[in-house]
Amino acid sequence: MDIPRNVKIVIVVLLCAILGLACSADGTSTGPKESTENYSVSPTPTPTPIPTPTSTPVDSKQVAPQFVAGPSGLGDSYFPNLGNGGYDVERYIIEVQWDPEEKWLSGSTVIEAKSTENLSSFNVDFAPMQISEVTVNGVRADFTAEENEVVVIPSEGILSGTDFNARFVYEGSPSLFCWDTNCSLLGGWYNLEEGAFVAGEPSSSLAWHPVNDHPRDRAQFRIEMTLPSNLDFVTNGVFLSKTQNGEVSTWVYETVHPRAPYLTTLAIGEFEEVIAPSVDDLPIRHWIEEGIVRENLAYLDYDKMVSVLTDLFGPYPFDTYGVLVLNHQLGFALETQTLSLFGRDTFEIESIHIHELAHQWFGNHLTVESWSEIWLNEGFATYSEALYYQAIYPEFDIYQYLIAGFGGRESQLLGGIPPGDPGPESLFSASVYYRGALTLHALRLTIGDEAFFTSLREYADQFGGTNVSTDDFIQLVEKISGEALGDFFDRWLLGPVLPEMPS
Ligand code: ARG
Ligand code: ZN
């Protein structure tokens, strides 16, 4: 999580670190310095128009089906190029090799998918790497690649409702991308002096494998990475095997619980696996990078965190959990599925551990239908911190906690980023986190504890495994509370100023 009131400073400091600039404490650049950390940043992808899907005419006499080009986006109003239409991915099978000397990735990705239209072509999101071959169902396909879109033209059309697979063979030097115009949202493949890692929201996956990169298309993953045997490879999901073959080793991980592609992380370096006691039947495994003092994690009570959140929201939705701690100034943490990512700047902050764990329900098990709904992730995860502390300390003052996190009430009366529609530039602003959480607190005071907590559990239960919108949540709460809440949510999520907290 960002420390949102310091969000600009954090980002500037992060950029300073990235660009190898020496920076003063307030994050302003004080000039270049020698650095071997030199990330390449690609420009913001330019939105391309989304073709309107043509519907197939139904005609009993018709013999030849009509085929259309699959859309190059999913119509996300903030990030129109992320994701693609016309198919739904079921599984990614990624088999790649990493050369740390050359910072070179090579290998293949197979996308197993089902078509949702008669497709003459379809798109995948993928960074500019060299693609040597694309096959669809084993047959050579044509393709064109530009910006972050690859258009695949199979030798014959794919009928709607068909299972198909597309295999991409590629190589290149993966890099970072900006997701907004002022580059406050950075994501992709980070090269460190020794190792590397992948992180980013709303996207990072397209930096290293072809993908339908939108939370609306969740899929299973099998990731196979081959790299020099002196390095470790860590990614989400369940570790299956490590096979040494001379100088190199191949690591295999698999995830059967579908996940949104931005929730994949990976790290290359020297890591220690820390197996913490299981919480009920949930295995807890952390991966700690060399140089991080692992004793500094020992105070974290994952047993308590999992049991408090489980009592509030229902069963933990996946089969494993843990944190991946990089010895790197990350500037944020990320709720990467089953393996939340922390840097050395965030791993000692308990509230962020609660926050990322809460995202496993709100953000990962329930994913947003579009990025404009981000408060359903961040507002809920932030409110979960407060709920956890209230469970531990019954006198805990939730309002004070949230208003302080927001940067004080006064400042917020002035600048109103509406958490219900913050815009891509303010996706992770304080308002999304804290006004989002204050909205839930105001809701609780309005409808009462019983209806409120029933709503949270029902919401997680009914919408787990699907995509959600604010309307879904409002309808559910209206049903449970019997109150009309349209105006309430409009004022709290979209109004120009922070409303008064109901007493
Ligand atoms: N979802 C993450 C969290 O709140 C936020 C990631 C923000 N990323 C960034 N580069 N600021 O846990
Ligand atoms: Zn968050």
Side-chain angles (χ1 to χ4, degrees), residues 1-18 27 39 41 44 78-79 176-180 182-190 197-205 207 215 236 259-265 309 323-326 328-343 345-347 349-368 371 373-388 402 405-406 417 419 422-437 440:
M1 182 185 78
D2 274 319
I3 299 142
R5 64 175 174 279
N6 289 338
V7 72
K8 289 218 178 81
I9 294 178
V10 169
I11 286 158
V12 174
V13 171
L14 182 65
L15 282 175
C16 290
I18 288 163
Y39 305 144
V41 177
T44 312
Y78 288 7
F79 305 103
L176 281 172
F177 295 84
C178 293
W179 300 111
D180 59 340
N182 59 21
C183 206
S184 65
L185 303 176
L186 201 61
W189 182 286
Y190 291 73
F197 68 95
V198 162
E201 189 177 356
S203 168
S204 61
S205 289
N236 326 59
R259 79 169 172 259
Y262 81 96
L263 294 169
T264 299
T265 186
L309 298 193
V323 297
L324 169 58
V325 183
L326 302 174
H328 177 73
Q329 195 84 16
L330 198 56
F332 59 89
L334 195 60
E335 63 270 24
T336 34
Q337 193 159 307
T338 70
L339 186 69
S340 293
L341 180 67
F342 288 76
D345 48 347
T346 47
F347 85 99
I349 306 172
E350 183 187 53
S351 60
I352 305 184
H353 284 268
I354 302 160
H355 182 104
E356 307 310 337
L357 179 62
H359 270 309
Q360 304 305 313
W361 283 263
F362 304 115
N364 300 5
H365 191 40
L366 289 77
T367 49
V368 288
W371 284 106
E373 308 280 7
I374 185 71
W375 86 278
L376 293 172
N377 291 4
E378 301 306 344
F380 279 65
T382 303
Y383 197 57
S384 302
E385 299 166 33
L387 289 176
Y388 177 79
L402 296 177
F406 203 173
I417 292 166
E425 306 291 327
S426 301
L427 209 58
F428 302 110
S429 60
S431 176
V432 170
Y433 286 71
Y434 289 97
R435 189 165 151 186
L440 291 175

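In each ligand, atom 1 is the first atom listed, and ligand 1 is the first ligand listed. Side chains included, hydrogens not; waters and symmetry mates left out as well; all remaining heavy atoms used. Just so we're clear, the structure is a prediction, and the values are computed from it rather than from any experiment.
Closest N/O/S atom of E378 to the Zn ion (ligand 2): OE1.
Checked against the 6.0 Å centroid criterion, the rings of Y262 and W371 qualify as a close aromatic pair. Between Y433 and W375, the gap from one ring centroid to the other reaches at least 6.0 Å.
Heavy-atom separations between L334 and ligand 1 include at least one value shorter than 4.0 Å.
The CZ atom of R259 lies 9.0 Å from the OG1 atom of T336; values are rounded to the nearest 0.5 Å.
Paired with S340 under the rule side-chain contact (heavy atoms from CB on, under 4.5 Å), one option of E356, H353, H355 passes, and it is E356. Each of T338, L334, L326, N236 was scored for a side-chain contact (heavy atoms from CB on, under 4.5 Å) with T265, with one residue passing: N236.
Ligand-side atoms of ligand 1 in range of E378: 1 (N), 2 (C), 3 (C), 4 (O), range being under 4.0 angstrom from any heavy atom. In the vicinity of E335, heavy-atom distances shorter than 4.0 Å reach the ligand 1 atoms 1 (N), 2 (C), 3 (C), 12 (O). Distances below 4.0 Å separate heavy atoms of A333 from the following atoms of ligand 1: 2 (C), 3 (C), 5 (C), 6 (C), 12 (O).
Between Y190 and H328, the ring-plane angle classifies as perpendicular under the 30° and 60° cut-offs.
Contacts between A381 and ligand 1 below 4.0 angstrom, taking non-hydrogen atoms only, are absent altogether.
The angle that H355 NE2 and H359 NE2 make at the Zn ion (ligand 2), rounded to 10°, works out to 100°.
At a threshold of 2.8 Å, the Zn ion (ligand 2) has no backbone or side-chain N, O or S atom of E356 nearer than that distance.
Some N or O of Y433 is nearer than 3.5 Å to an N or O of ligand 1, by distance alone.
For the pair H359 and N377, the tightest heavy-atom approach, listed with the atom from each and the gap, is CE1-O, 3.3 Å.
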